[in-house]
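What follows is a short report on a single structure.
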Amino acid sequence: MGWDQAGSQHLGLWVLMMLGVLFPEACQAHPIPDSSPLLQFGGQVRQRFLYTDDTQETEVHLEIKADGTVVGTARRSPESLLELKALKPGVIQILGVKTSRFLCQGPDGTLYGSLRFDPTACSFRELLLEDGYNIYHSETLGLPLRLPPHNSPYRDSAPRAPARFLPLPGLLPAPPEPPGILAPRPPDVGSSDPLSMVGPSQGQSPSYAS
């Protein structure tokens, strides 16, 4: 290593040290905004069933039907499989996977499925609770997300607490398994061909006939 090269390296180190003294903020490490894994980044997609047991006679899952109505169904179904996509930290859109309808909320709290995404009606703020349940509010209207009681249109104007929903992994119940191969019949010890190697034409051995 020549003297010129060594001098250049020492000069570079000296410049970096002076920058650190004169501009300490420039040398500090800053966290990435919204870098917490608990926050939802834009574009994050989850397939879930939204299960709730609040103010219902039976436990139900939120379902968006092909005609746009929103009801609660006791069993998981293709219509109740939802896609939750983060629009920004804490705000999501909810899409019915089968019907391709967005979950939206009217000014009176009515839930409906729309083929067109309207940021005003179809954006929901998601709040995670300590017990694993979530609650959702319309980002624009501030109204809580609640299923219609007993599958009737939502027309209750009285203030009500938001319903709690449990996001369940998006796996439909497994279809029934096809019938398997029948187990082989046990050998007939009273036959002259107990292993059925000759064929069905051979009858029972007279020696073993009763």
Side-chain angles (χ1 to χ4, degrees), residues 31-65 68-114 117-174:
I32 301 175
D34 299 336
S35 60
S36 171
L38 299 178
L39 296 177
Q40 300 162 354
F41 290 94
Q44 181 189 21
V45 177
R46 298 165 288 159
Q47 287 194 352
R48 296 289 187 270
F49 297 96
L50 289 183
Y51 161 88
T52 181
D53 56 0
D54 285 5
T55 65
Q56 300 285 343
E57 292 182 351
T58 58
E59 297 85 355
V60 296
H61 304 80
L62 189 150
E63 181 179 87
I64 305 177
K65 292 187 170 294
T69 57
V70 178
V71 298
T73 176
R75 297 182 180 274
R76 290 178 293 176
S77 67
E79 289 78 12
S80 63
L81 179 59
L82 307 174
E83 182 181 274
L84 281 60
K85 180 178 180 180
L87 304 175
K88 56 184 178 180
V91 178
I92 65 170
Q93 69 181 29
I94 302 175
L95 174 70
V97 173
K98 181 176 177 62
T99 61
S100 297
R101 287 182 176 271
F102 295 95
L103 180 65
C104 304
Q105 191 174 39
D108 60 349
T110 303
L111 298 177
Y112 63 94
S114 173
F117 177 73
D118 180 2
T120 302
C122 310
S123 300
F124 295 91
R125 184 163 294 278
E126 183 180 45
L127 177 62
L128 281 65
L129 304 178
E130 294 181 354
D131 58 2
Y133 281 77
N134 296 347
I135 58 176
Y136 300 90
H137 287 86
S138 169
E139 185 188 20
T140 303
L141 304 173
L143 298 175
L145 175 61
R146 298 189 66 92
L147 280 173
H150 312 301
N151 295 344
S152 63
Y154 186 97
R155 289 291 185 271
D156 189 357
S157 58
R160 305 169 69 189
R164 304 185 315 149
F165 289 89
L166 182 64
L168 300 175
L171 298 175
L172 289 171

For the side chain of E139 and the backbone of P119, is there at least one donor-acceptor N/O pair under 3.5 Å apart?
-> no

Under 4.5 Å between any side-chain heavy atoms of I94 and L62, yes or no? no

Here the pair of heavy atoms bringing G106 nearest to L143 is O-CD1, 3.9 Å

Here the gap from K88 atom NZ to Q44 atom CD, rounded to the nearest 0.5 Å, amounts to 16.0 Å

query: Does a side-chain heavy-atom distance below 4.5 Å link I135 with P144?
result: no

Residue set satisfying side chain to side chain donor-acceptor pair (under 3.5 Å) with T69, at least two apart, ordered chain then number -> D67

Does some side-chain heavy atom of L82 sit less than 4.5 Å from a side-chain heavy atom of L103? no

| field | Side-chain heavy-atom pair Y136, I92 within 4.5 angstrom cut-off | value | yes

Residues passing the side chain to side chain donor-acceptor pair (under 3.5 Å) test with E83, sequence neighbours excluded, are none

Closest heavy-atom pair, V45 versus K85, reported as atoms and distance to 0.1 Å, is CG2-CG, 3.9 Å

Is a donor on one side and an acceptor on the other found under 3.5 Å between the side chain of S80 and the backbone of R76?
no

Exercise for review: Describe, in one word, how the ring planes of F49 and H61 are oriented to each other, choosing from parallel (under 30°), tilted (30 to 60°) and perpendicular (over 60°).
Suggested key: perpendicular

- Query: Under 3.5 Å, is there a donor-acceptor pair linking the side chains of E79 and T73?
  - Reply: no

In short, S114 meets C104 closest at the heavy-atom pair CB-SG, 3.8 Å

Heavy-atom nearest pair, Q105 first then F124, reads OE1-CE2, 4.0 Å

Between Y112 and A121, the two heavy atoms sitting closest are OH-CB, 3.7 Å

R48 with E126: basic N within carboxylate O range, under 4.0 Å
no

L147 and V71 have their tightest heavy-atom pair at CD2-O, 3.6 Å

To the nearest 0.5 Å, atom CG of N134 lies from atom CZ of F165 at 10.0 Å

d(K98 NZ, I64 CD1) to nearest 0.5 Å is 13.5 Å

Evaluate Q47 against L81 for side-chain contact (heavy atoms from CB on, under 4.5 Å), listing each step before the verdict.
CA-CA 7 Å; Q47 287 194 352; L81 179 59; 3.9 Å; yes

